[in-house]
*Asks:* 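The structure is given below, and queries will be raised subsequently.
Because only heavy atoms are used, hydrogens play no part in the values below, and waters and symmetry mates are left out as well, while side chains stay in.
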Amino acid sequence: MKLIGEKGVTKVLMITAFSAISILLLIALFIINEGLPFIFKYGAGNFLLSSDWQPHLNKFGIYPMIVASIWVTLGAMIVGAPLGVAGALFLSEYVPRTIMRIVKPTIELLAAIPSVVYGFIGVMVLAPLIRKNFGGPGLSLLAASIILGVMILPTVISISIDSILAVPQSYREGSLALGATTWQTIHMVTIKASKSGIIASIILGLGRAIGETMAVIMVAGNSVNIPHSPLDSVRTLTANIALEMSYATGMHRQALFATGVVLLIVIIILNSIASVAIRKRISKR
Amino acid sequence: GKGKTSLTLAGSTAFQPFAEKLAEKYMTTNPNVTITVQGGGSAVGIQSANSGAAQIGMADLVTLPEDAKALTATVVAKDGVAIVVNPANKIINLTTDQIRDIFNGKITNWKEVGGENAPITVVSREAGSGTRSSFEQIVTNITLKKDALIQDSNGTIRETVANDANSIGYLSHGLLNEKIKALKVDGQDCTVESIVSGNYKLVRPIFLLVKGNLEGEIKNFIDYILSEEGQNTIKKDGLLPAK
Amino acid sequence: MKTKFRINNFNYFFGKEKVLKQINFEIEANQILGIIGPAGSGKTTFLRALNRMNDLEYDGTIEGTILLDEKDIYNPDYDVVELRKKVGMVFAMPVPLPLSIYENVVYGPRLSGVSGKNRLDELVEKSLTDSYLWDEVKDRLHTSGMRLSGGQQQRLCLARVLAMEPEVILLDEPCSGLDPISTAKIEDALTVLKKNYTIILVTNNTKQAARVADNTAFFLMGELIEIDATGKLFTAPLKKETNDYITGRFG
Amino acid sequence: MKTKFRINNFNYFFGKEKVLKQINFEIEANQILGIIGPAGSGKTTFLRALNRMNDLEYDGTIEGTILLDEKDIYNPDYDVVELRKKVGMVFAMPVPLPLSIYENVVYGPRLSGVSGKNRLDELVEKSLTDSYLWDEVKDRLHTSGMRLSGGQQQRLCLARVLAMEPEVILLDEPCSGLDPISTAKIEDALTVLKKNYTIILVTNNTKQAARVADNTAFFLMGELIEIDATGKLFTAPLKKETNDYITGRFG
Amino acid sequence: MRIPPKYTQKGAIALLGGATLLTLAILIFIIVFILEKGLPVLSFNFLFKNPEDMGRAGGIFPTLIGTIILPLLAIIIATPLGIFTSVYLSEYTKETRATKIIRFGTDCLAGIPSIIFGLFGYIFFVITLEMGWSILSGGLTLAVMILPTIIRTSEEAIRAVPKSYREVSFSLGATGWQTVKKVILPNALPGIVTGIMLSIGRAIGETAAVIFTAGSSLRLPGSILDSTRTMAVHFYILAREGISAENAYGTAAALIIAVLFVNLSAYWLMHRFISKRS
Ligand SMILES: Nc1ncnc2c1ncn2[C@@H]1O[C@H](COP(=O)(O)OP(=O)(O)OP(=O)(O)O)[C@@H](O)[C@H]1O
Ligand SMILES: Nc1ncnc2c1ncn2[C@@H]1O[C@H](COP(=O)(O)OP(=O)(O)OP(=O)(O)O)[C@@H](O)[C@H]1O
Ligand SMILES: [Mg+2]
Ligand SMILES: [Mg+2]
């Protein structure tokens, strides 16, 4: 790097950052470009607020899917976020480092298991369990939330562990020396000092939960139905796209991309709510 | 020409494994040809045949959409659609009308068709799917009930039905196994003989799509598929011959 | 005179290295014990052993016993949280918690269940006054404690400990970042505080030890060389090393 | 006598708060300038202005100019990296980088392209010797710098700066964690070093300023109250505040 | 009523420990589930032979290669891009509205379903840039897909490096880049590695995006412009088209064992690096 000097490095970094961000922007534009015209043509109201999805009759109403996406994501967060953060806190504050160092990579293994495998486990184990114990078809909002909740665990746990470990030891010492228990230290100092990383972990987990398709398709049941209970079968926006994309042409295909645009908006809204909500919770004290 | 010719097939995930097997065999006798088989679904098959990303598109649709009109379509195989229930279910036969009413949501309990007192779980394929279109066209007048479960592949339909004693679904008859039970439809067995003889009505075609006319290596390969050897391969693994 | 700490054959190891060697002595209540010694002689390590802050070192091991009020603090049944409430500590390097000045001070009391705005406000004012910080920060109690100057941070850490009202206060070079005026005031404060507290003061400033300590201990390379009444230790030490150190003829 | 720094109408703000007010004076080369003043008076802030460490504060703003060798260091064209190589700094709180002792010392030289094992080994020995740490650590140069005692860390930080061979050395209470013997040695070293370096020493120990500084500046609440030859400032200060402070009658 | 700290401490241990145990139980269940179904088919032949008869017989060798090469390519492209971007955002720019928007934008893109990345890659790389279904198209698409995760995790890790380290480095005359290289990145390493490991995991487990861009051809790729099939895609096709459940789970089992091995050795290497440094 000597060759190009500090100014050169700055420029290289800037260009890299700029290109990375433009690629990501390009994706957003790609979706919007493919989907937005349809929304204008079909009418945003009809598209967003109707519950009638019958592509072969050119009826494209995605209201139930919007509702379902929000519920499933919420459900996944309720299952995954507390479990993940709790696990991260326990592994980094109560468990010897050597054990943590084996458990963490093992948990990250969960991230590499293909989502189809999760889907099969959902169909073969979880859905029958739900059906037997609570009734309904088994393939349901509940099943999807649980499977997604499990799928985001490695993201939440790993990133949280790192940010908790980055909290200076002197904060812990300061707190313990004042007679705090480990838990008091965690809850009054550690969580606060690692706030930013814990939030990032939850937001990235949220991203994974919203964006997951294969597993959701397999366990959510995919009925185009406004859910009235967690045991109802639901179809999420992502599932809708992935489910029908392989046979969709013409108008139908455009409608699926338009679903993508709506998904993007839902993601933006959920992300904003999540970051505000988590930030509030963590920095309340 | 000289050297290696390469062909790409893309599209229907249901036909992909068959295409792979056919390609494998074809290449052993024609070492100067390389055939690559890609999935992606029927829509990708049509698109990539149009764009030239693949020379041959694979589609398992019943009627080809607008985009495919310009392509030369050849039916290379047929697929029987079996109506399946869980082996625990005592029902062995349903009429077309009963099937229609079940999928439309008019009949919601197995006892209405002579089974046990248990709610029916309907499992269907996704909108647009070839299996579903043919199922709906042949049974006629189907407006799928809203809370029907949707799965997007033969394999997942099979798992779902195998795991839910009250469910009913349909899938490619080549994938029948002991975990699920195929029903008679209007008294007709879902067997190869019965399908080939035309007694069993739920059948759908599988297309290969080519831009322009069939010529050169493309034609040779399609001819091979339609040859006796090719058709036997298809038959052996659960699809039905084109004619 | 009541004995507060009783240290018996105490050894401390970092990994294989022995940094405290066969320490044996007693610390009396309501007195100021000064601990002096060159850098690296084990003063901090010893101090941290007294409230078991050393538990946090992953490769630290101990031998021997330390009794506080005749109870072995290293006994597995001993409640280490209670210990640290009784034995407050000011570290050599001031590290305010990433909280406001106010929250830093009430941190300890809150832990023990003290609540109520009035009660806490009072406590904050009293502790900050005792540590001579009140005037400088009274208008910005709710800004971050980390944005204070070095000397201010040091006094904040002292206030934080005073607010806990412990029985023993461990001070590791508490005046190292302070100007002479604040230093003098804190020394005065310590002399007042010893009525209610037992104070153990590690200092590199031998004069400071001479000024405020009742007894002074001299550490050298992990060993307790000598402990005696301050007057005696500084005028007529028994050991040659002590003499060398306090007269600056050392090393 | 050459002028090293020329500070003109210098103001410094944290956000809206003005913590340095209209500072105006000159610092001569090859001398030791002592800076004294109570806690929070802006000594550290001033020191950090001299090598633009304050650039890292997100809400800091400056007014006025500081000239080093007659060049304005706050000029946008001025190379801040060169500035910091010329103007080394020892912070009040010792922060060893999470590297071995050896790597901590050679960190600066390596950046400027010094290499070769022999050359670096020499440099390490020399710098550690000059900061009186060599004997204590020569057997464990390759263990972490973070596992030293407080006083040892302080001297490691000094060694790290000496290894850079800067022109100016800024010292923020460098002896605050040191025992009297090391302190005395470092003071001796400074007196030797000033032949080649310009030294600016912030200290809370007025006696230390009196002992080693050629000139002494007294800061109070962000203002430079008085600067003069050390002897004069300590015996016959012009301002009442200075007198109050050095006689301890202050506050 | 105030609960004494002793009990909150015990309660916390029970609760946090319980959550951890539950997580581990789920993890173990999933691993056992797959291994139980998959281990019986695992053998040397299974790993190193070509598939036959649609994958019902033979082995999985080409998919093994695909699983190694595709995520590798993606990570080689995305890691420098992601790290440089996060370094630029956190060290070379002030925290402004623009950086906040960028951070928010990357967060949102982390939630785009992979099938959209797949379609994007298909239209952009496969068709428009005429790369065809190839390892290159797939690698680029996966790189774009994991980029948000790498950027965000690296940024968090970089932000967690104590400010005093930066100050020390700058005060010793380091340039911004030298500080980044010598102090910031090494200290942010654990967090960066986490991001990379999670991303590798995602790339290895991905199906939709891979099928659309790298294809799903079963032949052994001869170059980066050939198409390939990963183990995840192989599992997908075998299991979803109902071709061979045993071989599907065999593939999954092989995948799990391989990933576990990679994860553990990556961390082992990292800790060696860290402990060697200080
Ligand atoms: N990062 C910061 N942000 C805002 N205010 C600050 C910051 N750092 C210091 N201050 C304030 O600026 C003033 C001067 O602080 P400075 O650190 O320069 O004092 P000092 O003379 O070095 O004191 P000490 O002897 O205690 O180290 C103080 O009032 C302090 O509270
Ligand atoms: N975390 C640690 N790991 C290993 N060795 C350590 C650690 N902390 C201190 N030491 C070593 O233990 C010995 C005693 O250190 P200690 O901090 O108790 O000295 P001290 O008397 O407080 O010195 P100072 O006056 O410099 O603060 C020293 O040799 C030191 O290098
Ligand atoms: Mg110490
Ligand atoms: Mg200061």
*Asks:* What pair of heavy atoms forms the shortest contact from A:Y247 to B:A43, and how long is it?
*Replies:*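 Between these two residues, the closest heavy atoms are C-CB, 3.9 Å.
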*Asks:* Do you know which two heavy atoms are closest between B:K146 and A:S223, and how far apart they sit?
*Replies:*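 Between these two residues, the closest heavy atoms are O-CB, 3.2 Å.
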*Asks:* Is B:T160 close to chain A through its backbone or its side chain, or both, or neither, when contacts mean heavy atoms under 4.5 Å?
*Replies:*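 Both backbone and side chain of B:T160 come within 4.5 Å of chain A.
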*Asks:* Check whether any side-chain heavy atom of A:R131 lies under 4.5 Å from a side-chain heavy atom of B:N166, and answer yes or no.
*Replies:*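 A:R131 does not reach B:N166 side chain to side chain.
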*Asks:* Would you say B:K69 has more than 12 foreign heavy atoms packed within less than 6.0 Å of its NZ?
*Replies:*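 Counting neighbours around NZ of B:K69, more than 12 heavy atoms of other residues, nucleotides or ligands fall under 6.0 Å, so yes.
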*Asks:* Using a cut-off of under 4.5 Å for heavy-atom pairs, which of A:R235, A:M245, A:H56, A:M218 has the most such pairs with chain B?
*Replies:*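 Heavy-atom pairs under 4.5 Å are most numerous for A:M218.
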*Asks:* Rounded to the nearest 0.5 Å, how far does OG1 of B:T156 lie from CD1 of A:I217?
*Replies:*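 Taking CD1 in A:I217 and OG1 in B:T156, the distance rounds to 9.0 Å.
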*Asks:* If I measure from the heavy atoms of chain A, does B:A127 come under 4.5 Å with its side chain, its backbone, both, or neither?
*Replies:*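 Its backbone and side chain both get close to chain A.
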*Asks:* Looking at B:W110, I want to see if its CH2 is surrounded by more than 12 non-hydrogen atoms of other residues, nucleotides or ligands under 6.0 Å.
*Replies:*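 Yes, because the 6.0 Å sphere around CH2 of B:W110 holds more than 12 heavy atoms from other groups.
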*Asks:* Side chain, backbone, both or neither: which part of B:E159 has a heavy atom under 4.5 Å from chain A?
*Replies:*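 Answer is both: backbone and side chain atoms of B:E159 are under 4.5 Å from chain A.
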*Asks:* Under a 4.5 Å heavy-atom cut-off, does chain A meet the side chain of B:D147, its backbone, both or neither?
*Replies:*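 The answer is both parts of B:D147.
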*Asks:* Check whether A:V123 gets within reach of chain B through its side chain, its backbone, both or neither, counting any heavy atom under 4.5 Å.
*Replies:*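 Looking at A:V123, backbone and side chain both touch chain B.
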*Asks:* State the CD1-CG distance between B:I150 and A:L139, to the nearest 0.5 angstrom.
*Replies:*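 Separation between the atoms: 11.5 Å.
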*Asks:* So what's closer than 4.5 Å to chain B heavy atoms on A:P55: side chain, backbone, both or neither?
*Replies:*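 Side chain only.
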*Asks:* Do other residues, nucleotides or ligands put more than 12 heavy atoms under 6.0 Å from the NZ atom of B:K106?
*Replies:*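 Count not over threshold, so no.
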*Asks:* What are the two closest heavy atoms between B:D164 and A:P137, and how far apart are they?
*Replies:*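 Scanning both residues, the minimum pair turns out to be OD2-O, 4.0 Å.
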*Asks:* Going from CZ on A:F120 to CG on B:N163, what distance comes out if it is rounded to the nearest 0.5 angstrom?
*Replies:*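 That separation rounds to 10.0 Å.
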*Asks:* When you look at CD of A:Q54, are more than 12 heavy atoms from neighbouring residues, nucleotides or ligands closer to it than 6.0 Å?
*Replies:*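 More than 12 heavy atoms, drawn from other residues, nucleotides or ligands, come within 6.0 Å of this atom.
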*Asks:* Nearest 0.5 Å, please: how far is CG in B:D152 from OG1 in A:T213?
*Replies:*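 It is 9.5 Å, given to the nearest 0.5 Å.
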*Asks:* So for atom OH, which belongs to A:Y63, do other residues, nucleotides or ligands contribute more than 12 heavy atoms lying within a distance under 6.0 Å?
*Replies:*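 Atom OH in A:Y63 is not packed in, count stays at 12 or less.
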